[in-house]
Amino acid sequence: MAASAKSFLADAGYGEQELDANSALMELDKGLRSGKLGEQCEAVVRFPRLFQKYPFPILINSAFLKLADVFRVGNNFLRLCVLKVTQQSEKHLEKILNVDEFVKRVFSVIHSNDPVARAITLRMLGSMASIIPERKNAHHSIRQSLDSHDNVEVEAAIFAAANFSAQSKDFAAGICNKISEMIQGLATPVDLKLKLIPILQHMHHDASLASSSRQLLQQLVTSYPSTKMVIVTLHTFTLLAASSLVDIPKQIQLLLQYLKNDPRKAVKRLAIQDLKLLANKTPHTWSRENIQALCESALHTPYDSLKLGMLSVLSTLSGTIAIKQYFSSAPGTAATTARSFDLVKLAQECCYHNNRGIAAHGVRILTNISASCQEKDLLPLEQDAVFGLEALLVLCSQDDSPGAQATLKITLTCMVKLVKCRPHLSQSVVESLLTQLHSAQDAARILMCHCLAAIAMQLPVLADGMLGDLMDLYKLIGQSATDKKQELLVSLATVIFVSSQKALSSEVKTVIKQQLENASNGWTAYRIARQASRMGNHDMARELYQSLLTQVASEHFYFWLNSLKEFSHAEQCLTGLQEDNYSSALSCIAEALKSYHKGIASLTAASTPLNPLSFQCGFVKLRIDLLQAFSQLICTCNSLKTSPPPAIATTIAMTSGNDLQRCGRISNQMKHSMEEFRNLATRYGDLYQSSFDADSATLRNVELQQQSCLLISHAIEALILDPESASFQEYSSNGTAHVESEYERRMMSVFNHVLEEVESLNRKYAPVSYLHTACLSNAVIALLKVPLSFQRYFFQKLQSTSIKLALSPSPRNPAEPIAVQNNQQLALKVEGVVQHGSKPGLFRKIQSVCLNVSSVLQSKSGQDYKIPIDNMTNEMEQRVEPHNDYFSTQFLLNFVILGTHNITVESSVIDSNGIVWKTGPKTTIFVKSLEDPYSQQVRLQQQQGQPPSQQQQQRTAYSRF
């Protein structure tokens with residue numbers, strides 16, 4: 001269990017730093033200087049790991065210069081190792097500061113008499129093309145080597161020419177004629193022509209170059225009709241069109257022409273592959289005629305493999321804008337029904353094909369048409385899609401081969417999509433899934449359970465009547481303990497939790513626990529408990545966490561499980577709340593808070609330096625504060641009865657002109673309460689902003705907590721503090737918004753109910769009546785009665801992103817300040833690298849990094865001068881876009897006031913949607929501003945009463961400049 005749990009409790013460690021950067025480099029340098037070839041090679045191949053660990057320019061520059069030296073003086077095997085290291089570390093190349101020196105050392109080998117050494121050098125230059133695109137000596141060497149009589153050297157020159165063409169417009173324009181001469185020359189062997197042709201895909205830098213390359217390719221296609229030549233030329237044609245964009249419609253027509261007319265299967269397959277590429281890249285360029293031609297080819301081809309390829313292109317297009325164009329721009333009358341289209345006929349024909357793949361693409365096309373063309377009357381198509389999906393489900397669920405599983409995944413994805421956009425089909429789809437579960441293979445059952453859970457999360461379709469079937473199946477599975485069975489236990493438990501949206505019955509809990517005791521390991525039990533926490537079944541989760549406490553090997557895991565048990569117990573306490581029973585509500589909240597405080601202590605003990613559990617601690621602390629605020633609000637509402645207003649309250653209200661003062665101390669308490677809820681909403685917003693790596697469900701959960709705080713603060717304002725100016729427009733429910741989970745659905749219904757109640761009482765029974773306080777207390781109870789959902793990010797980090805900053809100048813000792821003269825500016829260079837976990841950009845990607853630099857005067861030294869307020873502080877912000885996960889920028893800072901200044905550099909991240917995320921980190925350095933020697937001398941002379949000398953006066957005049 002400990003091994004499996006490692007992924008969630010220790011994901012963020014990017015490798016422990018055994019040595020600092022200099023020591024690691026010295027260690028490798030020692031290897032490079034060794035007399036033994038083996039040790040030298042070992043040192044060379046360890047460089048990529050060093051770059052990954054210390055990705056800052058100062059180290060990378062030194063390391064690459066050392067490697068260039070090895071390349072210059074070593075043998076060919078060492079050169080090959082250096083080439084491989086350079087190719088692996090391509091994203092670090094732009095951090096080389098002495099590019100000229102690096103290139104000079106590498107380039108010296110191009111004059112060798114050994115053709116293999118020259119070939120490796122050419123490949124090395126090609127790999128560095130991104131940093132030296134316009135080096136004329138490199139261009140010249142590549143051109144020369146293309147004429148070499150040595151095949152190895154010519155192939156290396158072709159590799160280098162392709163890389164330079166992609167980077168440099170000048171090189172591409174210059175080499176284009178040379179390449180075309182070689183391709184058309186009779187002396188050039190055919191295998192060399194096949195290697196030269198792909199260079200033309202990079203000739204897209206301007207329209208005339210692209211056009212001449214297309215003409216050449218057009219000639220080649222007709223002049224050399226052999227299969228290999230046609231395949232290479234057509235593929236290069238497609239890649240060139242995809243890069244230059246303007247010729248894509250022509251290219252689609254050309255490929256369709258070859259698909260229809262060329263009898264060779266290999267050419268047809270290549271045409272299909274390229275059409276798929278264009279369908280993914282630019283679906284909007286496909287006209288109705290293109291899709292029609294593809295449908296006709298698919299209808300008429302006798303080969304299943306080709307039909308499968310064409311259908312995969314059509315199924316890709318059916319999920320894009322192209323499908324709407326196909327149906328909207330139909331010729332003839334508007335009365336043509338959807339069934340009369342060739343695409344629909346083809347899909348219906350293929351739905352029951354004996355080839356699984358073809359059938360899967362057929363139902364996918366029908367599903368996509370039903371989903372995207374909702375304005376049309378597609379009832380027959382929907383039925384066809386459902387029947388096709390059910391047939392495939394029956395076929396694939398009995399077969400556990402990889403092909404059948406892949407088809408089943410497509411089928412189940414289509415089911416979820418169809419149910420999402422056509423909710424009235426959900427009942428029949430769910431029934432067919434449940435019926436099939438009993439007879440399916442285990443691997444298929446797992447996927448079917450995932451599908452059932454996905455459907456049930458969106459729509460409450462799993463009735464309690466279906467629980468019996470699920471429980472029978474659960475008992476049946478628990479007999480064996482294979483890995484597949486363990487996975488199935490988790491999947492089926494998830495479906496059971498989703499389907500029983502109220503509390504689980506004791507009978508269901510007993511069955512689940514018995515099966516876990518019989519046939520499961522600790523990890524399976526933990527995963528089921530985790531799902532119970534996500535679905536709000538805290539009672540079940542608490543018992544499972546309790547049973548696991550003694551099964552873990554590390555004390556961090558023990559504290560983690562103990563904290564989860566306490567949180568589940570706390571949430572379980574809140575399920576006993578009842579409307580209008582405020583004293584029991586207060587005692588339930590107090591009981592929950594007691595468990596939460598125990599849990600947060602345990603959670604703090606579970607955190608480690610590599611994994612500080614910051615999101616979990618932040619979320620739980622906010623929950624504790626929210627419960628305390630709710631408890632305080634109920635007490636405040638009760639105080640209208642327990643602490644009636646004093647006799648002079650009416651007089652105070654009349655003199656202050658505030659009618660609310662008639663009710664005594666409740667008015668001030670309500671103000672405090674409202675401010676507290678607004679403050680909590682702000683803190684939830686901050687937690688949201690700091691969770692860049694969280695999945696969308698977790699972020700939505702945080703957002704719902706924030707909205708509940710805003711709702712209560714709005715209710716207090718609308719009912720008690722300021723009924724006249726309260727507006728209900730901005731809070732009105734947007735009922736059309738799609739709800740992703742049962743928790744969200746229940747929270748939204750509570751929000752709407754509370755708003756209706758508040759609106760009905762607004763401006764009635766002024767200033768405050770028992771109806772108002774009862775409404776507020778009931779709103780609190782209604783919100784707490786929805787079981788809290790602990791979402792995925794609480795347990796598991798699927799995406800991991802962090803930023804590492806380096807500032808220069810930086811002091812040797814962090815506590816030591818950097819000395820700067822007060823008449824000079826400090827140029828602060830900020831460099832940074834973005835580090836990723838195993839799945840970069842899974843939920844959101846970094847578009848740019850926002851760097852904020854501010855300085856604060858900590859302690860003054862010397863006299864107080866009158867200084868403009870602008871010079872007192874530095875406050876600057878810059879946005880930089882990381883390239884290959886690296887960024888750098890500079891700030892100019894003024895330190896006119898003498899003394900010690902504290903400079904803080906804080907980074908935040910802007911994603912591709914323009915949303916700012918406060919990810920950190922925050923780095924601090926100290927600067928000591930010293931008086932410049934000349935000013936000091938003048939000041940001392942003035943103190944001693946001596947006038948400054950003539951020379952000094954002149955110097956003063958010039959010192960301004």
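Only a predicted model underlies this, so the values are computations on that prediction, with no experimental measurement involved.
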So, the side chain of [X] versus the backbone of [Y]: is there a donor-acceptor pair under 3.5 Å, distance only?
X: N61; Y: N98; result: yes
X: S287; Y: N290; result: yes
X: R143; Y: G174; result: yes
X: S168; Y: S165; result: no
X: S112; Y: D114; result: yes
X: S244; Y: L240; result: yes
X: Q251; Y: A241; result: no
X: H204; Y: L209; result: no
X: D247; Y: K250; result: no
X: R844; Y: S912; result: no

Can you tell if the side chain of [X] reaches within under 4.5 Å of the side chain of [Y], non-hydrogen atoms only?
X: Y886; Y: E831; result: yes
X: K178; Y: D147; result: yes
X: L200; Y: I183; result: yes
X: I158; Y: I142; result: no
X: L93; Y: I96; result: yes
X: L255; Y: L278; result: yes
X: L125; Y: I132; result: yes
X: L234; Y: L254; result: yes

What distance separates [X] [atom1] from [Y] [atom2], expressed to the nearest 0.5 Å?
X: S243; Y: L245; atom1: OG; atom2: CG; result: 7.5 Å
X: L294; Y: L343; atom1: CG; atom2: CG; result: 9.0 Å
X: K839; Y: Q799; atom1: NZ; atom2: CD; result: 10.5 Å
X: L381; Y: T367; atom1: CG; atom2: OG1; result: 10.0 Å
X: Q184; Y: L196; atom1: CD; atom2: CG; result: 11.5 Å
X: L122; Y: L83; atom1: CG; atom2: CG; result: 11.0 Å

Which residue, L389, D384, V363, I365, forms the side-chain contact (heavy atoms from CB on, under 4.5 Å) with C351?
->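 Testing C351 for a side-chain contact (heavy atoms from CB on, under 4.5 Å) against L389, D384, V363, I365 leaves exactly one candidate, V363.
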Could you give all pairs that pass the salt bridge (Lys or Arg N to Asp or Glu O under 4.0 Å) test and reach residues 224-237, with sequence neighbours left out?
->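 For residues 224-237: none.
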Salt bridge (Lys or Arg N to Asp or Glu O under 4.0 Å) contacts touching residues 82-93 (sequence neighbours left out) |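 Every pair satisfying salt bridge (Lys or Arg N to Asp or Glu O under 4.0 Å) with a residue in residues 82-93: K91-D885.
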Show every donor-acceptor pair shorter than 3.5 Å between a side-chain atom in residues 299-309 and any protein atom, with sequence neighbours excluded, or say none if there are none.
{"residue": "H300", "atom": "ND1", "partner": "E296", "partner atom": "O", "Å": "3.0"}
{"residue": "T301", "atom": "OG1", "partner": "Y303", "partner atom": "N", "Å": "3.4"}

Taking atom types as modelled, is there a side-chain donor on D150 or S148 under 3.5 Å from an acceptor on the other?
->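 Note: D150 and S148 side chains miss the donor-acceptor criterion.
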Can Q87 and S127 be counted as having a side-chain donor-acceptor contact under 3.5 angstrom?
->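 A donor-acceptor contact under 3.5 Å links the two side chains.
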Does the pair D342 and Q292 meet the rule for a side chain to side chain contact (heavy atoms under 4.5 Å, CB included), with working shown?
-> CA-CA 7 Å; D342 275 354; Q292 186 62 29; 2.4 Å; yes
Is [X] salt-bridged to [Y], going by a charged N under 4.0 Å from an acidic O?
X: R105; Y: E101; answer: yes
X: K845; Y: D911; answer: no
X: R72; Y: D69; answer: yes
X: K268; Y: D262; answer: no
X: R135; Y: D100; answer: yes

What orientation do [X] and [Y] show, parallel under 30°, tilted 30 to 60°, or perpendicular over 60°?
X: F107; Y: H111; answer: perpendicular
X: F64; Y: F102; answer: perpendicular
X: Y326; Y: F341; answer: tilted

State, to 0.1 Å, how close K95 and P55 come at their nearest heavy-atom pair, and which atoms those are.
->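 Reported closest heavy-atom pair: NZ-O, 3.0 Å.
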If you look at every heavy atom in S315 and N368, which pair is closest and at what distance?
->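 Shortest heavy-atom separation between S315 and N368 comes out as O-ND2, 3.6 Å.
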Heavy-atom count around K409 NZ within 6.0 Å, excluding the residue itself: above 12?
->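 No.
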